[in-house]
Amino acid sequence: VSVEQIVIGNEAADKLVAFLDDAHWRRVLIVDDPNTAEVAGDELSAALNAAGHTVTRHQFLERSDLLADQSALNAVRNRLETDEPDGAIAVGSGVINDVTRYATFLERRPYIAFPTAASMDGYASNVAAMQFDGLKLTFAAHAPRAIFADPAVLASAPKPMTIWGLGDLLGKATAHFDWRLARGLFGEHFCPEVEDVVARPMRRATQITQALCAGDPVALGELIDGLILSGIAMSMFGNSRPASGCEHHASHFWDLLAFRGMRPHHPHGLQVGYATRFALRIQRAALARIEEIAPPFLTVAQPSKEEAAWIGPDNSALAEVRRDKERALDAASTSAGEDLMSFANVRTLLDEAEQVFDEVDAALATAGFPLAVGFAGVDEAALRATFRYANRLRSRYSVLSLLESQRALKGIDDEIVSSTLIGDHA
Ligand SMILES: [Zn+2]
């Protein structure tokens, strides 16, 4: 893990100045926007000037709806070229971090993250989520050299942003179930230590949900810690498996529907938290049937007309996902018995993951994520399509792929959608 220092506390700005002194950065570019300048960028700039650093700034004009697109990227790259700083500081949340991360990566200069909202788990990430020509794609980039977060700054962020971060963190409950499922049925590499790096702050978040919703700075410090650790866990493991499962696939599916004009865009963490309430129920239903399942545990369906109506015409990316799944099936059939667990052991693995489900579900409800159709622009038809097609966008194994292979999806999605429609909001 290449992040050298993480500071969470009201001394964050002072520690940042000290870090730059140690790293001998003389010239620094601050990237922010009018909102994040008010809560942190201006003060940071003054502190760095006072400490003898030469500070230049790139301030985006947008107060909201800034996109991580080509023009934002070019703007920061141009500043890096003309100002020639030793490095940049991203003062902001998702988009400002992605743009600064990718621009500094392309210009071969380091950067530091100064989060202004506990809204997502990407601060420690080494990939940049960019949106070119409307399409959201992830590009290899670099992680920040260091992360400095001041809970008082996080507390001044708009309240919904904290709820997004909480949704992203609580979604790890179903991500971990999927990971264990892939371990048990396919022998996929599973690391309990890495899982614990994420699971501990996730469980903690269920205990401090009310304080988080009230904007308590101490609780916000714990939330940002958990979100940063989630990013660290992904770096440790080498991909997003420790932090992303079917609840994230649902969110990606909804992003695609939004891109296709079939529903409005909503923030990542809001979608993940909402999807998690359904994912918890789907996984519980699968666990209840685990002794009945039989190989193959994965089927690779050819694209259908109904599928295309939701995810668009077949393309090379979707075909690549199918090829990945076929390879996984082949590997599983040739290595059968080598590293696979008995059903009793699979059950034990999943039972452990399920132990947090009640607390996670209650915390999501407390934070305002409803167990109801129609939230975040997802109507009943879209929700049913999510259960069926969200696993077409990624090759990663999840409970949805298991249920599809067992032809058990239909009964379970009926069970969940109808219990939701009749108002079981418990
Ligand atoms: Zn996420």
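Only a predicted model underlies this, so the values are computations on that prediction, with no experimental measurement involved. Numbering of residues begins at 1 and proceeds along the displayed sequence. Remember, it's 1-based here, ligands and their atoms both numbered in the order they're listed.
A donor-acceptor pair under 3.5 Å is formed between the side chain of Arg180 and the backbone N or O of Leu349.
Checked for salt-bridge contact, Glu306 and Arg388 meet the test: a charged N lies under 4.0 Å from a carboxylate O. Using a cut-off of 4.0 Å between Lys/Arg side-chain N and Asp/Glu carboxylate O, Asp379 and Arg263 are scored as not salt-bridged.
Counting heavy atoms from C-beta outward, Met130 and Asp69 have side chains that stay 4.5 Å or more apart.
As for His248, its N/O/S atom nearest the Zn ion (ligand 1) is the one called NE2.
If you put the vertex on the Zn ion (ligand 1), OD1 of Asp168 and NE2 of His268 sit 100° apart, to the nearest 10°.
Here Asp121 fails the criterion, with no N, O or S atom under 2.8 Å of the Zn ion (ligand 1).
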